[in-house]
Amino acid sequence: MAFGKINTLVVFHSNRSDIFKVGQLVGATEKARQIAEIKDIGAEFESSIFTGYDLFDENGNAIARFKNGTYATWFDEPEKGEK
């Protein structure tokens, strides 16, 4: 199964959910930064699974990290040859 790049991340909380999309401005109004990439940083170990996502701006600087929560992701269509 091939996946494209993540374009939307939903972070679920006990009483609400937050949606983050590539191209969205986040942060304080005067210091808002645009999300350029959402990267899956999850890893599987012998006895556990780590889930997490990082948000990056157009300069490759981290905006936010979400870890060990409940998430939903949406993907762009994979490019030809991508596995």
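Residues: numbered from 1 along the sequence shown. Just so it is clear, the model here is predicted, and its values are computed rather than measured.
Contact annotation: the side chain of Asp57 never approaches that of Ile35 to less than 4.5 Å [non-hydrogen atoms, C-beta and beyond]. Val22 is not listed as a side-chain neighbour of Gln24, based on a closest heavy-atom distance of 4.5 Å or more. Side-chain contact between Thr73 and Thr8: absent, with no pair of heavy atoms (C-beta onward) separated by less than 4.5 Å. Counting heavy atoms from C-beta on, the side chains of Asn61 and Arg33 come closer than 4.5 Å.
Aromatic rings of Tyr71 and Tyr53 (six-membered ring for Trp) have centroids within the 6.0 Å cut-off, being under it.
No path of Ile, Leu, Val, Met, Phe, Trp and Tyr side chains, each step under 4.5 Å between heavy atoms, connects Ile38 with Ile41, placing them in separate hydrophobic clusters. Residues Val11 and Phe75 share a hydrophobic cluster, clusters being chains of Ile/Leu/Val/Met/Phe/Trp/Tyr side chains in contact below 4.5 Å.
Here the side chain of Asp40 pairs a donor or acceptor atom with the backbone of Gly42 at under 3.5 angstrom. Proximity of a side-chain donor or acceptor of Gln34 to a complementary backbone N or O of Leu25 within less than 3.5 Å is not detected.
For the side-chain contact (heavy atoms from CB on, under 4.5 Å) with Trp74, the qualifying choice from Val10, Leu9, Ile6 is Val10, the only one to do so.
Classification of the Phe66-Phe20 ring pair by plane angle, with boundaries at 30° and 60°, yields tilted.
Rounding to the nearest 0.5 Å gives a distance of 10.0 Å between CG of Leu55 and CD of Glu37.
Smallest separation of non-hydrogen atoms from Gly27 and Ala32: O-CB, 4.2 Å.
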Please determine whether side chain to side chain contact (heavy atoms under 4.5 Å, CB included) holds for the pair Thr51 and Lys67, giving the CA-CA distance in whole Å, both sets of side-chain angles, and the decisive distance to 0.1 Å. CA-CA 6 Å; Thr51 59; Lys67 56 185 183 176; over 6 Å; no
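Ion pair Asp54/Arg65 flagged as a salt bridge, since at least one NZ, NE, NH1 or NH2 atom sits closer than 4.0 Å to an Asp/Glu carboxylate oxygen.
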